[in-house]
Amino acid sequence: MAEVVCMVGSYLGFGTYPELLREATIKLIKDYGPKADAEGITTSDAVFDGVPVRIYRPVGSSEKETLPGIVYFHGGGFVLGSVDTVDTITKRLCRDTRSVVVSVEYRLAPKYTFPAAVDDCVKATAHFLSNAAKFNVDARRIATCGDSAGGNLATTVPLRLRDERFPIPVKLQLLIYPWTQSLDFDLPSMIQNRDGPMLTRDAMAFFAAMYTEGYDNHLPDYVANRHVTRSVREQISKTFLNLEKLPKEFLEGYERPAYPDGDEKLWAAVKDRLLNPYHSPLTADSLENLPEAYVLTANYDPLRDEGYLYATRLREAKNEVTLYNAENGFHGFGHFLGILPEADHALADLIRFIRERL
């Protein structure tokens, strides 16, 4: 219903569709989503190297007490979301892990396309790592964390910091149903969960087009998987999108759609972005020497398979990886804390992991 209202509003000139949908999403989550208990937490807004952030700190931590830190990146397909939409989970992480949490308000598409979000998150994380002592945080105990598009950022940030030889490494990367590629929208989980709940296959194509190009003129090509040529698709199906690496139960009832021919002109225009590891980390040539990872996937999520394949590639690159697949979870189920037991169980496992490793 919200999507229809936003489409009508856009047609009537009240704003662009992404802008109206962004405002509607924030209002829905703030008005009807679960509310986090703010007791025991102080909150303040700041700017890290030009990037707006919100800082959560446990009350009662003394000036002599050094705490771990978590940099959180919200989800929303690089188009929607804000620090407000993840306020519940960032407060829970702060209180239950006794960590200083920095939630990043990075720039969004379609106004700001790739790599704006990555640039902002790298800058904010590097600033926090370099100035950790000012917040009574141990720079050697800082994790990146995020959901969906934020899960993408939670791994591309340490990947880019590694490539840029930043002197202080991130200790953990915590990836909640991460978006790791935009090359193939016909993976088994994309087909099996094409109608959601919460996230649909066509919505993923829309977000990919917006993040990559800043407009949806080629949306029908993304939806039909014509944004990548047949020869490239055949090649990547043997490498980082090799379905033979998925568990057999993920493939039950799946029939691979025929490869479309693909639009050569569109592929030539977008290939450098779609194959950039900071856009689609699953495509990275090397995933060695990255932080220990916790990867949460959900059984009824279109992104389940690419999350699993990414965890597999991280493990093959000799990184420590913990994979948690929520059997009854779906994309975005983490927003239903206190409502869905599956969400509470998943967060409890993530918090346990952070307490043990960070």
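Treat the numbers as computed from the prediction; the structure is a model and nothing was measured.
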Atom pairs and distances, donor-acceptor, side-chain atoms in residues 320-327, under 3.5 Å, two or more places apart:
| from | atom 1 | to | atom 2 | distance (Å) |
| --- | --- | --- | --- | --- |
| N325 | OD1 | T297 | OG1 | 2.7 |
| N325 | ND2 | N299 | OD1 | 3.2 |

Contact summary for [X] and [Y], nearest pair of heavy atoms:
{"X": "L282", "Y": "F240", "answer": "O-CB, 3.4 Å"}
{"X": "L296", "Y": "P178", "answer": "O-CD, 3.7 Å"}
{"X": "C145", "Y": "I70", "answer": "CB-CG2, 3.8 Å"}
{"X": "V228", "Y": "L183", "answer": "CG2-O, 3.4 Å"}
{"X": "V86", "Y": "S103", "answer": "CG2-OG, 4.0 Å"}
{"X": "S130", "Y": "F166", "answer": "OG-CZ, 3.4 Å"}

Practice task
State whether F250 and R304 meet the cation-pi test: NZ (Lys) or CZ (Arg) under 6.0 Å from the six-membered ring centroid, and within 45° of the perpendicular axis.
Solution key: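 Cation-pi check for R304 and F250: passes.
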Problem - side chain to side chain contact (heavy atoms under 4.5 Å, CB included) between L314 and Q173, worked out - result: CA-CA 11 Å; L314 285 171; Q173 51 178 325; 4.1 Å; yes
Would a single hydrophobic cluster contain both [Y] and [X], if residues Ile, Leu, Val, Met, Phe, Trp and Tyr are joined by side-chain heavy-atom contacts under 4.5 Å?
{"X": "V83", "Y": "F48", "value": "no"}
{"X": "F73", "Y": "L161", "value": "yes"}
{"X": "V118", "Y": "L275", "value": "yes"}

Atom [atom1] of [X] and atom [atom2] of [Y]: how far apart are they, to the nearest 0.5 Å?
{"X": "T155", "Y": "L174", "atom1": "OG1", "atom2": "CG", "value": "10.5 Å"}
{"X": "F114", "Y": "N276", "atom1": "CZ", "atom2": "CG", "value": "3.5 Å"}
{"X": "L347", "Y": "F333", "atom1": "CG", "atom2": "CZ", "value": "9.5 Å"}
{"X": "E356", "Y": "I351", "atom1": "CD", "atom2": "CD1", "value": "12.5 Å"}
{"X": "H345", "Y": "L337", "atom1": "NE2", "atom2": "CG", "value": "11.5 Å"}
{"X": "R98", "Y": "D96", "atom1": "CZ", "atom2": "CG", "value": "11.0 Å"}

Measure the shortest side-chain to side-chain distance between [X] and [Y] over non-hydrogen atoms and say whether it is less than 4.5 angstrom.
{"X": "L243", "Y": "P188", "answer": "yes"}
{"X": "P277", "Y": "D285", "answer": "no"}
{"X": "E316", "Y": "T312", "answer": "yes"}
{"X": "D186", "Y": "M190", "answer": "no"}
{"X": "V47", "Y": "V53", "answer": "no"}
{"X": "F128", "Y": "I168", "answer": "no"}
{"X": "P58", "Y": "C94", "answer": "yes"}
{"X": "N193", "Y": "D301", "answer": "no"}

Handout entry: Salt bridge present between E288 and K318 (N-O < 4.0 angstrom)
Key = no
Handout entry: Note: D119-R160 ion pair, threshold 4.0 Å (strictly below)
Key = yes
Handout entry: Chi angles and distances behind the side chain to side chain contact (heavy atoms under 4.5 Å, CB included) call for K171, D138
Key = CA-CA 11 Å; K171 184 171 184 182; D138 184 347; over 6 Å; no
Exercise for the section: Consider only side-chain N and O atoms of K245 and N242, and report whether a donor and an acceptor are under 3.5 Å apart. Expected result: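 No pair is found: no donor N or O on one side chain lies under 3.5 Å from an acceptor on the other.
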Handout entry: Donor on one side chain, acceptor on other, D202 and Y222, under 3.5 Å
Key = no
Handout entry: Chi angles and distances behind the side-chain hydrogen bond (donor to acceptor under 3.5 Å, both in side chains) call for Y259, N225
Key = CA-CA 8 Å; Y259 291 133; N225 248 358; over 6 Å; no
Handout entry: CA sep, side-chain torsions, deciding dist, call: I55, V101, side chain to side chain contact (heavy atoms under 4.5 Å, CB included)
Key = CA-CA 6 Å; I55 304 170; V101 176; over 6 Å; no
Can you tell me if [atom1] on [X] sees more than 12 non-hydrogen neighbours from other groups inside 6.0 Å?
{"X": "E234", "atom1": "CD", "result": "yes"}
{"X": "E164", "atom1": "CD", "result": "yes"}
{"X": "R352", "atom1": "CZ", "result": "yes"}

Practice task
Check the angle between the aromatic planes of H74 and Y106 and answer parallel, tilted or perpendicular using the 30° and 60° thresholds.
Solution key: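 Parallel: the ring planes of H74 and Y106 meet at under 30°.
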Exercise for the section: Please name the residue in the list E213, K265, H227, R226 that meets the side chain to side chain donor-acceptor pair (under 3.5 Å) test with H218. Expected result: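 Among E213, K265, H227, R226, the one meeting side chain to side chain donor-acceptor pair (under 3.5 Å) with H218 is E213.
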Exercise for the section: Would you check if the distance from the ring center of F78 to the ring center of Y211 is below 6.0 Å? Expected result: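 They qualify: ring centres under 6.0 Å apart.
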Handout entry: Between Y177 and Y308, ring centroids under 6.0 Å
Key =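 Between Y308 and Y177, which both carry aromatic rings, the centre distance is not below 6.0 Å.
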Exercise for the section: Begin with the C-alpha distance, continue with both residues' side-chain angles, and end with the deciding distance and a verdict on salt bridge (charged side-chain N to carboxylate O under 4.0 Å, His left out) for D184 and R256. Expected result: CA-CA 11 Å; D184 192 347; R256 172 82 209 196; 2.9 Å; yes
Practice task
Take R162 and L290, measure what side chain to side chain contact (heavy atoms under 4.5 Å, CB included) needs, and give me the verdict at the end.
Solution key: CA-CA 7 Å; R162 180 204 67 180; L290 288 176; 4.1 Å; yes
Practice task
Write out all pairs satisfying side-chain hydrogen bond (donor to acceptor under 3.5 Å, both in side chains) with one or both partners inside residues 141-151, taking only residues at least two apart or from two chains.
Solution key: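 The answer is Y72-D147, S148-H331.
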